[in-house]
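Let me begin by presenting the structure, written as structure tokens, before commenting on it.
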Amino acid sequence: MTKSNDFFDQVFQVVRLIPKGRVTSYGVIAKYLGGSARVVGYAMNASHTSKPKVHAQRVLNRNGQLTGKHHFETPFLMQELLEQDGVKVKDDQVINFEKIFWDPFIELKID
DNA sequence: GTTTTGACGTAGC
DNA sequence: CGCTACGCCAAAA
């Protein structure tokens, strides 16, 4: 039992809360959980071991780019999954990224 | 145990 | 406007 497991789990939970057709970024989640963006990406790497499967494709970098596609089974899978969610992807970048951006500080805002 | 690296982000030059 | 540097923290070597 380690603290890192707890942080990973928190990342997983937040990612799972992302609605269909929405995306978010590592940095925002990191900031929301009080960690670093790198660790969030690291958590995503471990996400495939988590059940149910974490929608890692909905988590992108600050630029809205599919930076982590290379970590999927196939580099195309990440884009396809996003498109299946109704998210348009062009040149490894999400279209209307700001429009579909899902911010935990707003959506999960604690009054 | 130390060193390197990594699905990031911001600041500086 | 592109590259370097640094901070962040954890996993792998």
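We name chains A, B, ... by the order of the sequence lines, and we start the count at 1 in each one.
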Checklist line | Covered region of DNA chain B, 5' end to 3' end, by chain A [heavy atoms, under 4.0 Å] | finding: dG6(B) to dT10(B)
Check: To the nearest angstrom, how far is His71(A) atom NE2 from dA11(C) atom P?
Finding: 16 Å
Next item on the list: Strictly below 4.0 Å, heavy-atom distances to any atom of DNA chain C: list the hits from residues 37-49 of chain A, or just say none.
Entry: Arg38(A), Val39(A), Tyr42(A)
Notebook entry, point to check: When rounded to the nearest 0.5 angstrom, what distance separates CG in Asp103(A) from CZ in Arg22(A)?
Noted result: 10.0 Å
Notebook entry, point to check: Donor-acceptor pair, Asn61(A) side chain versus Asn63(A) backbone, under 3.5 Å?
Noted result: yes
Item checked: Gap between atom NE2 of His70(A) and atom CE of Met78(A) - 0.5 Å precision -> 12.5 Å
Notebook entry, point to check: Over how many whole Å does the gap from Tyr26(A) atom OH to dC9(C) atom C1' extend?
Noted result: 16 Å
Notebook entry, point to check: With side chains defined as the heavy atoms from C-beta onward, is the minimum distance between Val15(A) and Trp102(A) less than 4.5 Å?
Noted result: no
Next item on the list: For residues 63-80 of chain A, pull every pair meeting salt bridge (charged side-chain N to carboxylate O under 4.0 Å, His left out), keeping only residues two or more places apart or in separate chains.
Entry: Lys69(A)-Asp92(A)
Note to self: I'd like the P distance from dT4(C) over to dT5(B), given in whole Å.
What the structure shows: 16 Å
Notebook entry, point to check: So, Arg58(A) side chain and Ile18(A) main chain: donor-acceptor pair closer than 3.5 Å or not?
Noted result: yes
Note to self: When you compare the side chain of Tyr26(A) with that of Val39(A), does any pair of heavy atoms fall below 4.5 Å?
What the structure shows: no
Checklist line | Result of checking Thr24(A), Ile106(A), Val94(A) against Phe101(A) for side-chain contact (heavy atoms from CB on, under 4.5 Å) | finding: Thr24(A)
